[in-house]
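Keep in mind it's a predicted model, so treat the numbers as computed, not measured. When a ligand or atom number is given, it counts from 1 through the structure's own listing order.
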Amino acid sequence: MADIDPSFIRLVPAELAIIVPTFNEAANVAPLVEAVARALPGVRWEMVFVDDDSPDGTSEAVRQMAQSDSRIRIVHRYNRRGLASACIEGILATAAPYVAVMDSDHQHDERIVATMLARIKQDGVDLVVGSRYMEGGGLGDWARSRVLASQLATRMASRLTRVPMTDPMSGFFLMRRDAFMRSLPNLSSVGYKILLDIAASAPVPLRIAEVPYTFRMREHGESKLDSLVLWEYLQLILDKAFGHLIPPRFMSFALVGGFGIFVHFLVLTLMFKGLGISFDISQAIASIVAISNNFFLNNALTYRDQRLKGRSLLYGWISFNLVCATGAAANIGVADWLFGRDTYWILSAIPGVLISVVWNYAMSSLFTWRRK
Ligand code: GDD
Ligand code: MN
């Protein structure tokens, strides 16, 4: 410590925290810090990288920079995934009165951050969004299919959440921390669309301004957005529409369960009617196929943020079978009891099914996808 010039030690706290979620972005982080530093002279900023234990060593790259620049910080999450939750936890990890969220891959134009900050200070707004869809903004060289998908999702978002933004799907924005804190208790935190989530969760509509920019091409690495994010987007929209009556995870679990019933009857019919195999065996195999189908779908969709892999995948499958077997027993027990008390057969069956869905959901969240 003795050889450090005291003037290097920065005692001035940041007024702007830039939250940067990362997953496998090792090659992008250092150039990003340089670009931001160049774009924000005279601003007291800090950068909070939120890394989900990227196998490519992103967190080490960030820590290395942080050793020579105290404006660089890291939140390192282990056994977790998820863009929205990463942004939220990054915002919660700073004391700065203004927070911005920005991708690490240079697709968001850091040169407009200074304008965004000026707007929020002057215009008395809560949120400034970097927009690709307003006059002066653009999509750069995006594939046509992705342009169409993005526009469709944008239209769906404005219809369902009634938030006045030209680009509600943007992952690039700057806001007052106190405004974020008001949305916090209502956030869904699923998936990719953190801005939409924050705006739709605000108890009092946010005052919003927009600044145009042109979306750039990715520098290094690849996009983490795959077709499964569509499912998460649907979960977010459903959660916002049903106002927290039903947890989004349960909705996903129940939808997968409904599909599982279809799979069960498909296999049963094929084997019993089609191949002439005995009913008992057909029914047993259909159950195993349906349960496995539900297990893998829930692992990929419902519990995407804590997906089981390798050996835990096998243990998870075993525990899910046990959970579903007890759930089925409860289902049959309840339905039998009601039927025995002269309840119409369909009315006897429904509570049984509902109880087993809730049971399977509760038990699998305890034993199969338990939080570590
Ligand atoms: N910590 C963490 N955890 N970071 C993640 C995760 C995750 O699970 N998934 C992605 N990221 C990081 C990436 O490393 C990158 O810095 C940023 O989040 C955006 O991810 P990309 O994979 O580059 O997303 P994209 O370019 O396809 O989508 C972007 O543009 C969309 C516009 O339609 C994002 O900004 C979206 O939020 C935006 O909606
Ligand atoms: Mn990107």
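- Among the atoms of Asp105, an N, O or S atom falls under 2.8 Å from the Mn ion (ligand 2).
- Residue contacts with ligand 1 do not include Phe172, since none of its heavy atoms lies under 4.0 Å from the ligand.
- Of the heavy atoms in Ala86, only side-chain atoms (C-beta onward) come closer than 4.0 Å to ligand 1.
- Residues Ser131 and Pro212 form no side-chain contact, since every pair of their non-hydrogen atoms from C-beta on lies 4.5 Å or further apart.
- The closest approach between Lys193 and ligand 1 falls below 4.0 Å for a heavy atom of the residue.
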Decide yes or no on side chain to side chain donor-acceptor pair (under 3.5 Å) for His220 and Asp105, but give the supporting numbers first. CA-CA 7 Å; His220 303 279; Asp105 55 5; over 6 Å; no
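- Ligand-side atoms of ligand 1 in range of Glu25: 13 (C), 14 (O), 15 (C), 16 (O), range being under 4.0 angstrom from any heavy atom.
- Considering backbone and side-chain N/O of Arg77, none are found under 3.5 Å from N/O of ligand 1.
- Ionic pairing of Glu110 and Arg38 is not present here: no N-O contact between side-chain nitrogen and carboxylate oxygen is shorter than 4.0 angstrom.
- With 2.8 Å as the limit, Ser223 does not count as an N, O or S neighbour of the Mn ion (ligand 2).
- Within 6.0 Å of CZ in Arg44 there are more than 12 heavy atoms belonging to other residues, nucleotides or ligands.
- Listed by number with element, the atoms of ligand 1 under 4.0 angstrom from any heavy atom of His108 are 35 (O).
- The Asp105 neighbourhood of ligand 1 comprises atoms 23 (O), 26 (O), with distances under 4.0 Å to a heavy atom of that residue.
- Here His106 has no heavy atoms under 4.0 Å from ligand 1, in either its backbone or its side chain.
- The N/O atoms of Pro21, backbone and side chain alike, include one that comes under 3.5 Å of an N/O atom in ligand 1.
- Counted by atom type alone, Glu46 and Thr94 present one or more donor-acceptor pairs between their side chains at under 3.5 Å.
- Between the Arg176 side chain and the Asp178 main chain, no donor and acceptor come within less than 3.5 Å of each other.
- Remark: ligand 1 and Ser170 share no N or O pair separated by less than 3.5 Å (distance only, no angle test).
- Residue Phe215 has at least one heavy-atom neighbour below 4.0 Å for each of these atoms of ligand 1: 30 (O).
- Within ligand 1, counting atoms from 1 as listed, the ones closer than 4.0 Å to a heavy atom of Arg218 are 21 (P), 22 (O), 23 (O).
- Every atom of ligand 1 is numbered from 1 in the order shown, and the set under 4.0 Å from a heavy atom of Arg132 is 32 (C), 33 (O).
- The side-chain heavy atoms of Ile18 and Val36, taken from C-beta on, include a pair separated by under 4.5 Å.
- Defined by atom type and a distance below 3.5 Å, a donor-acceptor pair is missing between the side-chain atoms of Trp369 and Asn298.
- Between Arg132 and Asp109 there is no salt bridge, since none of the side-chain N atoms of the basic residue sits less than 4.0 Å from a carboxylate O of the acidic one.
- A distance-only check finds a donor-acceptor pair linking the side chain of His106 to the backbone of Asn28 [under 3.5 Å].
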